[in-house]
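Notes for the one structure printed next.
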Amino acid sequence: MQGTRVTYPPAATIALEEAGKKGDRHTMIKLTRVYEPASSADGARYLVERLWPRGMKKTALRIDGWLKDVAPSTTLRRWFNHDPKKWGEFQRRYRRELNANPDALRPILNGAQRGNVALVYSSHDAEHNNAVVLKEYVEEKLEKKSHPPRNSAA
């Protein structure tokens, strides 16, 4: 039908189906903007920005931690400058940074093992920001934990 607009929830939410099948718990990694109200379904909430969001009082943002070290480096953030044309290369470079600093992910991975996790970000662009890449990266890590590699018979 022409003119029909499809709307999606304000926060991108994708369930980790495998995590739910492996245990009794159904874990979700959720993306939410800092300006959206916190929800009881969010679980552990982590701000995943290197800079504090403009106009946001520290007392107003309900978070369990500010994970500056999991955010893109200042150099990468400035290079990307939220330019969708640089999105593919930004993802590659940011994943390289995440691979080089696995300890920075520990709070998110631990939170996901206990329940839901919300990655809180400040970008206006919900599709082209570090939290989107981080969410995919964390889900891949959780998937590997729930499906360890099999030893091949040599």
Side-chain angles (χ1 to χ4, degrees), residues 5-22 25-58 60-147:
R5 184 177 179 153
V6 178
T7 57
Y8 297 96
T13 305
I14 297 178
L16 293 173
E17 297 294 337
E18 276 65 34
K21 290 175 188 170
K22 293 295 177 192
R25 179 179 103 250
H26 187 71
T27 301
M28 280 193 291
I29 305 293
K30 178 180 180 179
L31 300 180
T32 186
R33 286 195 70 223
V34 295
Y35 308 104
E36 294 174 7
S39 164
S40 59
D42 286 349
R45 291 172 48 93
Y46 297 107
L47 179 63
V48 294
E49 300 286 352
R50 194 158 298 272
L51 303 174
W52 189 262
R54 290 182 185 167
M56 182 62 65
K57 292 182 180 180
K58 291 192 180 186
L61 186 58
R62 189 185 72 75
I63 56 172
D64 295 288
W66 180 11
L67 307 180
K68 294 179 199 178
D69 291 338
V70 82
S73 65
T74 300
T75 303
L76 180 57
R77 180 179 51 80
R78 287 180 179 161
W79 171 83
F80 177 50
N81 198 31
H82 299 285
D83 182 352
K85 291 180 220 146
K86 296 179 179 177
W87 179 239
E89 183 61 24
F90 171 78
Q91 291 179 81
R92 283 186 288 281
R93 291 181 185 190
Y94 183 35
R95 283 174 168 272
R96 204 173 316 136
E97 288 185 357
L98 291 170
N99 285 335
N101 191 10
D103 288 342
L105 292 173
R106 194 172 315 266
I108 299 169
L109 294 172
N110 290 343
Q113 289 175 340
R114 290 188 303 272
N116 295 341
V117 172
L119 303 178
V120 183
Y121 67 95
S122 59
S123 174
H124 293 285
D125 186 339
E127 294 176 33
H128 305 100
N129 68 68
N130 63 294
V132 171
V133 180
L134 180 60
K135 177 182 182 297
E136 291 173 2
Y137 187 87
V138 168
E139 288 174 340
E140 290 166 9
K141 294 291 181 192
L142 291 171
E143 178 68 20
K144 285 181 183 175
K145 278 188 173 186
S146 69
H147 293 95

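Throughout, residue positions are numbered sequentially from 1 according to the sequence presented.
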Contacts satisfying side chain to side chain donor-acceptor pair (under 3.5 Å) that involve residues 81-92 (not counting sequence neighbours) are Glu89-Arg92, Glu89-Arg93
Contacts of Arg62 meeting side-chain hydrogen bond (donor to acceptor under 3.5 Å, both in side chains) (sequence neighbours excluded), chain-then-number -> none
Taken to the nearest 0.5 Å, the spacing of Trp52 CH2 from Lys68 NZ works out to 9.5 Å
Q) Salt bridge check: are Lys30 and Glu36 linked by an N-O gap of less than 4.0 Å? A) no
Exercise. Is it true that a side-chain atom of Asp42 and a backbone atom of Arg45 form a donor plus acceptor pair closer than 3.5 Å?
Worked result: no
Sorted by chain and residue number, the side-chain hydrogen bond (donor to acceptor under 3.5 Å, both in side chains) partners of Asp69 (sequence neighbours excluded) come out as none
- Side chain of Tyr46, backbone of Ile108: donor and acceptor closer than 3.5 Å? no
Query - Glu139 side chain reached by Lys135 side chain, heavy atoms, under 4.5 Å - result: yes
#### Entry: Expected output: side-chain Asn129 to main-chain Val132 donor-acceptor under 3.5 Å
yes
Looking only at atom types and distance, does a side-chain atom of Arg33 sit under 3.5 Å from a main-chain N or O of Tyr121, one as donor and one as acceptor?
-> no
Here the gap from Leu134 atom CG to Tyr94 atom OH, rounded to the nearest 0.5 Å, amounts to 4.5 Å
Heavy-atom closest pair (Ala131 atom, Leu31 atom, distance to 0.1 Å) is O-CD2, 3.4 Å
Residues 95-116 vs ring-ring contact (aromatic ring centres under 6.0 Å, His included), sequence neighbours excluded, gives none
Shortest non-hydrogen pair, Ala112 vs Val117, comes out as N-CG2, 3.3 Å
With sequence neighbours left out, the residues meeting side chain to side chain contact (heavy atoms under 4.5 Å, CB included) with Pro53 are Val34, Tyr35, Leu47, Met56, Ser122
Pair up each side-chain donor or acceptor in residues 71-80 with any protein partner under 3.5 Å, not counting sequence neighbours, and list the distances.
| from | atom 1 | to | atom 2 | distance (Å) |
| --- | --- | --- | --- | --- |
| Ser73 | OG | Leu76 | N | 3.1 |
| Ser73 | OG | Glu97 | OE2 | 2.6 |

Inset, instruction - Compare all side-chain heavy atoms of Leu119 with those of Val70 and state whether any distance is below 4.5 angstrom. - result: no
Report task. Look only at the side chain of Trp66 and the backbone of Glu49, and say whether a donor-acceptor pair between them is shorter than 3.5 Å. Result -> yes
In terms of heavy-atom contacts, Asp64 and Ala44 come closest through OD2-CA, 3.2 Å
